[in-house]
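What follows is a set of notes on a single structure, which appears directly below.
Hydrogens, waters and symmetry mates are skipped; everything else that's a heavy atom, side chains included, is used. Keep in mind it's a predicted model, so treat the numbers as computed, not measured. Atoms within each ligand, like the ligands themselves, are counted from 1 in listed order.
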Amino acid sequence: MLQLNGVTKKFGGLIAVNAVDLQVNEGEILGLVGPNGAGKTTLFNLISGIYRPDKGRIRYRGEDISRLSMDRICRKGIAKTFQHTLSFPGLTARESVMIGALFGNGRRRSMEEASREAADLLDRIGFPPDRIDMPLSNQNVIDLRRTQLARALASRPKILLLDEMMTGLNPSEGTEAVALIRSLRDEGLTIVMIEHVMRVILGVSDRMVVLDRGEKIADGPPAVVMQNQRVIDSYLGERYT
Ligand SMILES: Nc1ncnc2c1ncn2[C@@H]1O[C@H](COP(=O)(O)OP(=O)(O)OP(=O)(O)O)[C@@H](O)[C@H]1O
Ligand SMILES: [Mg+2]
């Protein structure tokens, strides 16, 4: 569904993503892990068109999307959540999700339709109904993430890129989030997720890819990747205790 070949991104002298080859298959949940600064978020930013690769090519269903703007990539059905941003602080949770519904993939919807869809999605994701019309600047971190996920879903994606959606969730919220991700996949979505919580990513991923210093160092079934010595040395030894 998505094919990256030799994708490279530099920031000044730093090679954040270095000649990465990666394939994402339709209907899978792909886990993307690696130490801090490995280039995971940069890879998502390249796929979604926030950055353009310095080298290499990104294809979506066979079409080269490496040079397309991010709004065109979104309208083709690739949506992502952001690791760190508080986008649109002045908008309410509902309004920020409506942006996805109004400007995303697929037909244009009326404001009323977008508003209803935003409320339904937020509800499905467990967003507290009494806070839906409050500004994002007054929402807590977990509810901001729910809003981001709802906004991404409102754009009706085919591929969903999730950047550390689960950080800071308690175990029961984590279990709910995993169930939600599985149900999204069962509805036909393809999901790539960056996650540091090993218990979660191992349990939910069909396949895992490990990045280290911009390079892909492992790619395969979770159980196999976890036995890989390079992965243990560069990542697990440090984090999975
Ligand atoms: N816009 C930018 N300008 C300059 N350097 C950047 C920029 N974005 C990322 N970097 C650098 O690129 C490298 C990869 O960063 P990236 O955010 O992709 O890592 P990551 O794997 O997502 O890490 P984390 O687990 O901490 O989120 C880091 O050294 C980072 O400092
Ligand atoms: Mg990151």
Which of N25, V24, L30 passes side chain to side chain contact (heavy atoms under 4.5 Å, CB included) with L2? It is V24
From the list V97, L122, L189, side chain to side chain contact (heavy atoms under 4.5 Å, CB included) partner of L153 resolves to L189
**Prompt:** Quick one: are M193 and D163 in side-chain contact, heavy atoms under 4.5 Å?
**Reply:** no
Quiz item: Does any N/O atom on A38 come nearer than 3.5 Å to any N/O atom on ligand 1?
Solution: yes
Q) Polar-atom distance check: L14 versus ligand 1, any N or O pair below 3.5 Å? A) no
Taking the six-membered ring for Trp and the single ring otherwise, decide whether the centroids of Y51 and F11 are under 6.0 Å apart.
-> yes
Which heavy atom of [X] sits nearest to which heavy atom of [Y], and what is that distance?
X	Y	value
G34	K40	O-NZ, 2.9 Å
S205	I201	OG-O, 2.7 Å
D212	P35	OD1-CG, 3.5 Å

Counting from 1 in the order shown, the ligand 1 atoms closer than 4.0 Å to a non-hydrogen atom of N36 are 23 (O), 24 (P), 25 (O), 26 (O)
Check: E112/S115 side-chain N/O donor and acceptor closer than 3.5 Å: no
Under 4.0 Å between heavy atoms, the region of N45 that gets near ligand 1 turns out to be neither
Within the 4.0 Å heavy-atom cut-off, what Y51 brings close to ligand 1 is side chain
Discussion item. With the threshold set at under 4.0 angstrom, would you say G39 reaches ligand 1 through any of its heavy atoms?
Written reply: yes
Within a strict 2.8 Å cut-off of the Mg ion (ligand 2), protein N/O/S atoms tallied 2
So salt bridge (Lys or Arg N to Asp or Glu O under 4.0 Å) across residues 126-136, not counting sequence neighbours, yields R94-D133
